[in-house]
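Heads up, the thing below is written out as structure tokens.
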Amino acid sequence: MSDATHLTGDLTVAGACEHEARLKYYSASQWTLIWWRFRRHRAAMVAAALLGVMALAGIFAEFVAPYGPVTRDTQYIEGAPQIPKFCDAAGCSFVPFINGTKTERDPVTLRAISVPDPEVRHYVQFYVKGEMVKLLGFIPIDRHLIGLRPESGQKIHFWGTDDLGRDVFSRTIYATRTSLSIGVLGVLISFVLALIIGGAAGYLGGMTDNVIQRATEVIRVVPIIPLYMGLAAAMPKEWSTTQVYFAMTLILGLFGWPTLARRIRSQLLSIRNEDYVIAARLAGARPGRIIAQHMLPGFTSFIIVDLVISFPYMILSETALSFVGLGLRPPSVSWGVLLQQAQSVRAIEQTPWLFIPAVFVVVAVLAFTVIGDGLRDAADPYAEAS
Amino acid sequence: MKLRCSLLSFTALAALGAPALANCPAATVADPMGLKPVFPQQLELTELQEAASCEMAFAQNPAIADLNARILGNSVLPAVADRLPAEPLVVMPYDTIGQYGGIITGLSKGTESGTSDLLSVRHVNFVRYADDLQTVVPNIAKSWSWNGDYTQLTISLREGHKWSDGKAFTAEDVVFWMDDIIYNADIYDKTPDRWLFAGEKAVVEALDATTVRFTFPVPTPGILNRFAVDYGQPFQPKHFLGQFMPKHNENAEALAQEYGFENAAAAVDFYYGGSDWKDVPSPLLKDAEKAAKIGRAVVPTLESHIVVEETSEGRKLVANPYFHQVDTAGNQLPYINEIVESYVGDKEVQNLKIMNGEVVWKQQAVFLEDFPLLKENEEKGGYTINFAPTFGENVFYSFNRTHQDEVLRQIFSDVRFNRAMSLAMNRDEINEIVYLGQGKPMQGVPAEPKTVSFVSDGVLNRDVGYDPEAAKALLAGMGLKDSDGDGTLERPDGKPLVVRLVYSSQGAPVKMQELVRDYWSAVGVRVDLKEVTSDEYRAAGNNNDLDLTVWKYDGNAGPTISQDVTAFVPPFGDFFNPGTGFGWAAWKTSGGSEGIEPPADIKKLWDLSERFIQVEMGTDASNKLGEEIVRIHTDNMLKIGTIGDIVAPFLYRNDLQNVKPIKSKTYDFYWTYPYRPAQWWLEQ
Amino acid sequence: MLRFTLERFAGMVVTMLLVSVMVFLIMEIPPGDYADRYAFRKYSGTGVNVTEADIEAIRRDLGLDQPMLLRYFDWIGGIVLRGDFGQAFAFETSVAKVIGDKVWLTAGILFATLLLTYLVSIPVGIYAAVRRGSAVDYGLTVFSYLGLALPNFLLALVMLYFANRWFGADIGGLFSDQYRDAPWSLAKAWDMAKHLWLSAVVLAWSAVAYQIQTVRATMSDELNKLSVTAARARGVPELKLLVKYPARLAINPVVSTIGFDVNRIFSELPIVAVVLGLTELGELLLKAYLDLDMNVAGAILLLLTFAIVFMNFLSDLLLGWLDPRIKLGV
């Protein structure tokens, strides 16, 4: 309502330039409009940017991560995060550096303690030469986004290391790839299923609809995590980590469809008797074509919103399953696996930096939720016109 | 403290009437008051009375009547002197005569998981290893004797010894256990191998009420060790279980049906549970109402405490009012009223409970990796955590030489391959990361070096240095090459040499697997890691489905191998501790019709082991045989060892008294059994 | 109304039947069965070599060799006709005995969590709606989103740790030792409450987060209604006004999703229970999956799903009674 008064206010002072903008607005496509509206949703934009960074980091994990997910640094076990600095007791430098450290053991508690060596400086460098890895799985590179100068002979651990001396930062980056991709694949699978099942129910109606509705109801009433656990327990033990990975996405996707299917069904039901649909049907178009070409475009935006909103559940389910040992297991690296390793009193008291991956989970889940909200607002055709 | 106790004995004396002799000295290990017992830290009653020319008067736990009331089916208690055997075992407490009362709170993982530590706290057997882990001392048995060739063992029991329900315990109960339980086809449709000797049964006879004789078909000098360290107790109450056996009670079937059992065998199973393990689900867990109807919650026992409650959350036990031990002041043991065992499956909850001071005693499943955490919280939690040496904790990697894949079998059977894998391991790094630097690089041997005298340092140090170049050379010598330059060697059939390393965190530290994968990958053997649960692991191992086994030795300490050759012969392990070479084992058990014929060297192991357990441990003959067995194992490098001489933590709450640092943390001497938990007491 | 009730009842029965088929299928999928485990358990430590024939015999004993369809009817028949959920292999007793009193403890946890959820989310949601756009509203939104985003097993351990270290809270279980086997009394109930709050807080957080959003949204809509403006114009005191009109309506969607909330809470229960050392059905379910003790797993899943279906049925009836339009299917 306040928006409306705002618009009329604009009109009274409209110049030629303003007029052109309005023309552009009225002639813009649906997607452009959504994008424009979405762009104004500041929180959603921030969330999208964050997710974008995460996704990029995940895709180019080999480049972004200074070290491999299982590379060990035996010089720095259970070491605390190392923050590059410009100054120490010996003065300042233009290039950020860290002091050298070495790991010692407390003689009584046997706890590993890193003792800084202020005499030594190791300088940080971008696009640094390091481990040979295959970017995207096939492009061999030996350069990494950031690291210590090779001549230092040391490694830098921005977020510390775990009990094997593996770099938490690098592992988190690699885990981001696994967990986000499980989410994407899971959502895709459930999307396809929802489309087929919801489409059949909504378009055909009647008996088919009844049966499908009943089946959907059954899946909806069973608590989802115990259901996943049942299926995950059924995975053959001899499966390799890759097989388990795909099985996990399949399981997550296989039961993610009911909500979306219901949405598609009800939308289809409400428009299946519209004139243009009947016209298409009379013209002899096949059902699949009618749904895809004539009916779906009317509510694509809703579907996208629903898809985005179902991501967090996929991601959280992955972490939960991996946590109870029914999902991915080491040496796979996923957020769930990392959090499982952090799941100890020891970690809370002595190596709290192992909880950093939790921040990623929270940020990803929040981002998806906020983007979902933003998209919903943006896709609502009445949001502005009223 | 001392005052109170002497007062106690004084009143007891007064009740018994005027003594002719003086009070016995309340001697402790710390202050033996001039006593020099035949066996360390304990005496027989006559021995004490003669040595100190005294007469012992007995006292009891003031709460014993209440505790007894909680034992289902027990009637009003007779006087303490009438409950004890005519000759009770007199135990010298470590530091002080204790006070009665208190609860030992402990943690297990589940009904049958991680329970043996607490089982060992209340455990009894004919004999026991003293806390020096050298001397076998009497317990249920008053004494024993062998015939010349170690085929007949005669055991004397204590006159007047009673089960926890007050009924007499006699030699018949031992015969009953062997003949009617172990050798009973209704209970064990296959007789357990461990109670067969060279494939034949032993004969057990009751010579009189307190004398029982075991006759073995072959010399078995090590069997006494089994009675000292075994989880199983070689006696069962005939008066109770026998009532459900038609052989001993003609109305057994009718009785069983009256109680609602399908048949008499079902009634026996209800109480016995199909295993000598004392943690099998008790009648209280299976059907408490039925147990109440019958009027017995559990089988009567000779242990220091008896189960009175059991749910899926834990067990509660109370002191056995008929326990056969007293302290030197004549107080009936155990001092501690109750044991409360809670099941905690999650290690973190366990750690928090320990840090809170909720755990009185724990050694099993306290891990070195948690030591820094628990040590730092020691003061706050009011407990003490320390290390003890371990036995049989050396983790080994054993490649499957009877692999179903012929090519892999060929490679794995080549000693050069095994040596290469051993040399490729950086054991110092493993020691530092996994064992906090507290162990020592060590090759794998089937006999725990600290407990036998036939393992030389040369054997223990063979191929344990870190030398990846030598490893590569050995592999190259076998003709394994990396022709496509991907860093992984090719097998003779052109496929990449990939090994699937399946492991379970119960058998081997997770961290070590990640390290070993890297070491082996570095010399061209690619390793796929996969973690499974211990049950899955054992099933896979027993099905010969593994490329290699990674587990800890376990069960290779002197007392165990002296009577059990499991560790020596294929498959070099049992269900609980999977080994390797299942094809060889199948060849042997099937008489050559199945499985894979082992090389001549390996075949010799069966014969050598059979001879090994027929001679007395520590003799020259035994050492010679042992040396030969170890030589075959290590020459073939059947199991590649990693780190030995490992220490592991154990802990107790600071109010627990008469507790000493343990000499070794190991299942091989049955955890706490050597350290006499019956004389522990809790400061109130 | 009668017809409506009968229709819904028939619907419920059909759903339950389908659920039972699905649960049975889940019980069937895991490769291998309990016979293997049982064999090793039975013979472990006795030095007996287990052969395939032994396992086959055990399979016969346990009735696991029958065809699937037969076993389904046997299973569901036993449950429906005799209330017999079969044998819990790992415990060597009947499933009913194993599940027994845990049903009530689980119900207790679920109830406490639901109560906490509603006690917090309804007033807070209303408050947030009234103070829309304020810092408090913003803070509450972030807080509730955190509840949705934090993996609750993580939350469970961290909260357990701090509750324990800072407040000396008891850990593990629902009762202190002295009350575990005591008959029910006020003291025992209080003891249980002292143990329950942590689990309830962990479990309720995400449900609270979700419901705050729902209440806030509905409440915002209602606040904009003319009836509110009119009442405000009449000079009705603000608090009375809130309670009388919008708040009442805002609660509706919350109440109608109780079944859904139970579903969600139980869904998270197994994982939280493991961390908190609770021994209730969720933890038992997880253990049953790991042990392949499928009768136990099946019974728990089935009981719970039936409860949810039944609750949905009740809420349908309630709504039909409250709002005649629903009955007519308009």
Side-chain angles (χ1 to χ4, degrees), chain A residues 68-79 102-113 132 134 140 161-166 171 233 235-244 322-333 337 340-351, chain B residues 346-355 367-378 385 387 426 428-430 432-438 487 498 500-505 509-515 517-518 521 527-533 535-537 539-540 543 545-546 647 649:
Chain A
V70 293
T71 306
R72 284 175 286 108
D73 180 357
T74 32
Q75 308 301 310
Y76 201 64
I77 291 164
E78 295 187 347
K102 60 179 192 279
T103 305
E104 284 177 3
R105 219 171 264 295
D106 183 296
V108 177
T109 67
L110 302 184
R111 181 173 167 182
I113 303 162
M132 192 71 185
K134 293 212 173 94
T161 57
D162 65 8
D163 51 4
L164 277 172
R166 295 175 301 197
R171 284 171 71 75
M235 275 192 262
K237 306 306 169 199
E238 62 273 13
W239 278 8
S240 71
T241 48
T242 330
Q243 282 170 310
V244 169
S322 299
F323 169 68
V324 294
L326 288 169
L328 296 173
R329 291 184 205 176
S332 300
V333 205
V337 171
Q340 197 216 355
Q341 285 175 348
Q343 184 73 11
S344 70
V345 177
R346 195 154 44 103
I348 298 177
E349 281 207 356
Q350 301 185 337
T351 52
Chain B
D346 187 67
K347 193 173 73 135
E348 299 315 318
V349 177
Q350 173 185 312
N351 281 340
L352 279 176
K353 279 184 176 279
I354 291 171
M355 285 156 60
F367 300 102
L368 198 53
E369 59 174 6
D370 287 322
F371 182 80
L373 173 78
L374 295 175
K375 190 77 186 172
E376 281 181 1
N377 285 284
E378 199 180 40
I385 181 165
F387 290 144
N426 184 345
D428 285 324
E429 192 178 67
I430 294 178
E432 202 50 49
I433 290 183
V434 182
Y435 298 107
L436 310 182
Q438 302 301 303
V498 182
R500 288 191 40 230
L501 175 50
V502 180
Y503 64 96
S504 149
S505 59
V510 176
K511 288 190 233 172
M512 191 190 286
Q513 314 317 315
E514 311 232 352
L515 295 174
R517 176 196 50 200
D518 292 354
S521 302
V527 178
D528 283 345
L529 279 189
K530 169 100 178 145
E531 183 177 352
V532 296
T533 67
D535 266 4
E536 286 159 7
Y537 189 80
N543 288 335
D545 282 340
L546 299 173
V647 293

Looking only at heavy atoms and a cut-off of under 4.5 Å, which of N351(B), D370(B), I385(B) has the most pairs with chain A?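 Of the candidates given, the most pairs with chain A belong to D370(B).
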Which of E378(B), M355(B), E429(B) touches chain A most, by non-hydrogen pairs under 4.5 Å: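 Max contact count across the listed options: E429(B).
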Region of R72(A) that comes under 4.5 Å of a non-hydrogen atom in chain B: side chain
Does any backbone or side-chain atom of Q343(A) lie under 4.5 Å from a heavy atom of chain B? Answer side chain, backbone, both or neither.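 Contact with chain B involves the backbone of Q343(A) alone.
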Considering all heavy atoms, the nearest E376(B)-T109(A) contact: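 Shortest heavy-atom contact: CG-CG2, 3.8 Å.
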Contact summary for L110(A) and F387(B), nearest pair of heavy atoms: CD1-CZ, 2.9 Å
Can you confirm whether D106(A) sits close enough to K375(B) that some side-chain heavy atom of one is under 4.5 Å from a side-chain heavy atom of the other? no
If we only count heavy atoms from C-beta on, is the R166(A) to E514(B) side-chain gap below 4.5 Å? yes
Quick check on N377(B) against chain A: is it the side chain, the backbone, both or neither that has a heavy atom closer than 4.5 Å? side chain
Would you mind checking which part of E432(B) comes under 4.5 Å of any heavy atom in chain A, side chain (CB onward), backbone (N, CA, C, O), both or neither?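 It is both, since atoms from each part get that close.
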Nearest-0.5 Å distance, [atom1] of residue [X] to [atom2] of residue [Y]:
| X | Y | atom1 | atom2 | result |
| --- | --- | --- | --- | --- |
| I77(A) | I433(B) | CD1 | CD1 | 4.0 Å |
| D163(A) | E369(B) | CG | CD | 7.0 Å |
| E348(B) | I348(A) | CD | CD1 | 8.0 Å |
| L436(B) | R111(A) | CG | CZ | 12.0 Å |

With a 4.5 Å cut-off on heavy-atom pairs, point out which of R105(A), E349(A), Q350(A) contacts chain B the most.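 The residue among R105(A), E349(A), Q350(A) with the greatest pair count is R105(A).
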Report the residues that fulfil side chain to side chain donor-acceptor pair (under 3.5 Å) with Q438(B), sequence neighbours left out, ordered by chain and then residue number. none
Among all residues two or more places apart in sequence or in another chain, which pass the salt bridge (Lys or Arg N to Asp or Glu O under 4.0 Å) test with R171(A)? D162(A)
When L164(A) is tested against each of L515(B), D518(B), V510(B) for side-chain contact (heavy atoms from CB on, under 4.5 Å), which residue passes? L515(B)
